[in-house]
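So you know, we letter chains A, B, ... as the sequences are listed, proteins then strands, and number each from 1.
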Amino acid sequence: MEELKGIAGSDGYGYGKAVIISNELPVYEDKKITDIEGEKNRLKEAFDEFLKKTEAMVEKMKDSVGEDNTAILEGHIMMMQDPYMQEEIMNRIDTGICAESAVKEACDTFIQMFSQTEDELIKQRATDVADIQLRLLKLLTGTPDINISEVPKGTVIVAEDLTPSMTAGIVKENVSGIVTEVGGRTSHSAILSRALEIPAVLSIKDITKKVKNGMTIAVDGSSGVAVIDADEETVKKYDEKRNDYIKEKEALKKYTGKKTVTGDGHTVELYGNIGKPEDAKKVLECDGEGIGLFRTEFLFMDSDSLPDEEKQFQAYKAVAEAMGGREVIIRTLDIGGDKDIPYMNLEREDNPFLGYRAVRYCLGHEDIYYVQLRAILRASAYGKIKIMVPLVTCVDEIRQVKKLVEKIKQELDSISIKYDNSIETGVMIETPSASEIADILAREADFFSIGTNDLTQYTMAVDRGNGNVAYLYSVYQPSVIRSLKRIITAANDAGIKVGMCGEAAADILLTPLLISFGLNEYSVSPVSILRTRKNISCWTKAETDKVAEQVLKMDTAEEIEKYLKEQVK
Amino acid sequence: MVSKNVTVRNKEGLHMRPAGLVTKEMTKFHSTVHFIYGDKKINAKSVMNLIAGGIKCGSEITIECDGDDEQEALNRAADMIENELQE
C-alpha cells in the first residue's frame with residue numbers, strides 16, 4: 001500500500017479496481033504503397049468514420065455532461081473537416097508511404113507547430129491533434145478503441161492523461177475515480193471529472209507504471225490523494241468518507257443559489273478565500289457571493305523577481321472580471337513571519353512574527369507597495385475591488401496607506417487612467433493592539449476583516465508550531481472570544497462592515513456567537529461555503545444571544561468548547 | 001485582388017470556435033481568402049491555419065481575397081470579424 005499525493009481535480013471519495021488506459025499509439029508496419037488511389041480511399045474512409053464516431057460522441061455527451069462541455073470534441077470535428085488538414089495527410093500518400101505513416105507524420109507536424117508557440121490556447125490544441133492522431137491510427141490499424149464505456153462498475157481509471165474522446169465514453173455510474181499522470185485543475189480531464197461528479201486526482205508522477213490492472217485504488221479528490229494497492233481497512237475508511245460526502249452534498253444542494261440568511265431572516269454575506277486568480281472560478285462554482293480574502297503572495301512566490309505592475313494588474317483584473325461585479329477583497333502583500341521570498345533578501349530575525357512583516361515591510365519599502373497599490377487601483381475599473389491591509393497595529397499605518405492610495409489616484413487622474421474612485425480601504429484585524437483600538441481604527445477604515453489565526457496566536461502569545469505550547473492555541477479561549485466581540489461591536493457602532501476571513505468563519509461551533517455579535521460577512525474556503533450557509537440558517541438572533549450570554553460568563557476554553565458542541569444544530 | 005484592414009475584437013481572438021465559424025463561411029466562396037497578420041499569411045479556409053496563426057484580440061489584420069467573387073468574400077469576412085464574432 002502506498003499513499004501518493006497529486007492535484008485535487010474533482011471533489012469526492014471513491015475506490016475500486018484499476019483499469020489502465022494507454023495513450024500509446026498502435027503499432028503498424030511502415031510499408032511502401034503502390035496502389036496510391038486505393039490507399040487514399042482507405043484514408044478517406046478513416047476520415048469519414050472518425051467524423052461519424054465523433055459526432056455520435058458529441059450527441060452522447062450532450063446528455064451526460066451538457067452542451068457546454070462538448071466544445072472540444074466539436075473542435076475535433078472542425079479540425080478533421082478542414083480541407084487543409086485532410087490534404088496535409090492525403091498528399092503524403094503521393095510520396096508512396098502508407099496511410100498510417102501519413103497520419104503520423106502530418107499530425108506530428110501540427111503537434112510540433114502548436115506546442116512550440118508561446119500562446120497557451122494554441123498549445124492546448126496540440127493535445128487535440130494528438131487525440132485525433134491516436135484515433136485515426138486506431139481506425140486504420142483496426143485497433144479496438146479501449147472502450148471506457150464498457151468498464152465494469154467500481155472501476156478507477158488510471159491514465160497518463162484523459163483525452164477528450166476518452167472522457168466522452170465514461171459512464172458515470174461505473175467509474176468510481178480517476179487518477180492521471182498529468183493535468184491541473186483547469187485541464188480538460190479536471191473540468192470533465194467535475195461535470196461528471198467523479199472524484200479525480202491528477203498529476204501523480206509515474207502512476208501508470210506504479211499501478212497494475214485490477215489493483216485496488218482509493219481516491220480522495222477533495223485533498224488530492226490516491227492510495228494504491230489499498231488494504232481492506234483503507235477501503236472501509238474511504239467507503240465511509242464517500243457516504244458522508246454524498247449525504248452532505250445532497251443535504252446542501254437546496255442551499256445553492258440562495259441568499260445567506262439567519263433563521264429569522266437577517267441577511268449576511270458569504271464569501272470565499274482564494275490564493276490564485278484561477279480559484280475565483282471555484283468560488284463561483286461553490287456559490288460564493290464574493291471573495292473576502294484574495295491573498296497576493298502567490299504573485300511574489302511563483303517568481304524569481306518582483307512582479308511588475310502589469311503582471312499584478314492582469315492578475316487582479318482577471319479576478320475582478322471573473323467575479324462579474326461581486327466584491328473582491330484583495331489583501332496587500334503579507335510577507336515576513338513564516339513566509340519568506342528568497343529574492344527579496346528579507347533579513348533573518350530572532351522573532352519573525354514580531355518583526356518586519358506585512359504592512360510594516362510594505363510601508364518601509366514604499367516603492368514595492370506603490371507598484372502593488374497602483375496595480376490594484378487600475379484593476380478596480382473592472383469590477384468591485386476593495387483593499388485590505390494586513391497586520392495593522394496602530395492607526396498611523398492605515399493613514400499612511402490611505403495617503404499613498406490618494407497619491408496614486410491623483411497620478412492616475414492626471415494621465416486619465418480609469419479606476420474605481422470609491423474604492424474602499426479596510427483593515428485586517430489580527431493583533432491584540434488592533435482589537436483594543438478597534439473603535440479608533442473604525443474611524444479611519446472603510447471596513448474590518450478579522451483574521452482569526454493570527455489574532456488567536458498573538459492574543460495567546462503562542463507559537464502554533466511549538467508542540468509544548470500548542471494546547472493554548474484555541475479560538476475558544478475567553479480572551480479571543482471577548483476580542484471578537486469587541487472588534488465586531490466597534491465596527492457595528494461605527495457603521496462599517498465587518499467580516500471574518502480565517503478558519504473560524506466556517507467553524508460550526510462559533511456560528512451562533514458570530515451571529516449574536518453581529519458579523520456581516522463570512523469568508524471561508526470555497527468547499528465550506530454551502531455548509532456555512534446551512535449553519536447560519538439554523539439560528540435566530542434571539543437563540544444566538546442566549547448562547548453568547550452563557551459563553552461570555554464562562555472561565556475556560558474547554559468549558560466554552562464543550563458548551564458550544566452541545567448547542568450545535 | 002481586393003483587401004481591407006479590420007480589428008479583431010472578440011475576447012479570445014480567432015481560436016477554435018470562432019476560427020471554425022470563419023472557415024465554414026469562407027469555404028462557401030470560390031475566391032482565395034487570406035488573413036495577413038504580422039508576417040504571417042493565413043489561409044482563412046483552414047481552421048488549422050487559423051489556429052496556428054494565433055490572432056489575438058485587439059490585433060489588426062488585413063483580409064485579402066482573390067477570385068471571381070472576391071468582393072462578396074471580402075465583405076462577408078470583414079462583417080464576421082468586425083460584427084458577428086464579438087462576444
Could you tell me whether the side chain of B:Thr23 reaches within less than 4.5 Å of the side chain of A:Gln81, counting heavy atoms only?
-> no
Minimum heavy-atom separation for B:Met48 to A:Tyr84, with atom names?
-> CB-CD2, 4.0 Å
Residue pair A:Met85 / B:Val47, side-chain heavy-atom distance below 4.5 Å = no
Residue pair B:Ser46 / A:Asp82: nearest heavy atoms and the distance that separates them | OG-OD2, 2.7 Å
Toward chain B, the part of A:Glu74 with a non-hydrogen atom under 4.5 Å | side chain
Are more than 12 heavy atoms from other residues, nucleotides or ligands located less than 6.0 Å from atom NZ of A:Lys123?
-> yes
Give the minimum heavy-atom separation between A:Met78 and B:Gly20, together with the two atoms involved.
-> SD-CA, 3.1 Å
Taking atom NZ of A:Lys276 as the centre, report whether more than 12 heavy atoms of other residues, nucleotides or ligands fall under 6.0 Å from it.
-> no
Crowded around A:Lys62 NZ? As in, over 12 foreign heavy atoms under 6.0 Å?
-> yes
A:Met113 versus chain B, the contacting section by heavy-atom distance below 4.5 Å = side chain
Roughly how far apart are B:Leu50 CG and A:Ile122 CD1, rounded to 0.5 Å?
-> 10.5 Å
Report the distance from atom NE2 of A:His76 to atom CE of B:Met16, rounding to the nearest 0.5 Å.
-> 5.5 Å
Top contributor to chain A interface from B:Lys56, B:Lys45, B:His15 [non-hydrogen pairs under 4.5 Å] = B:His15
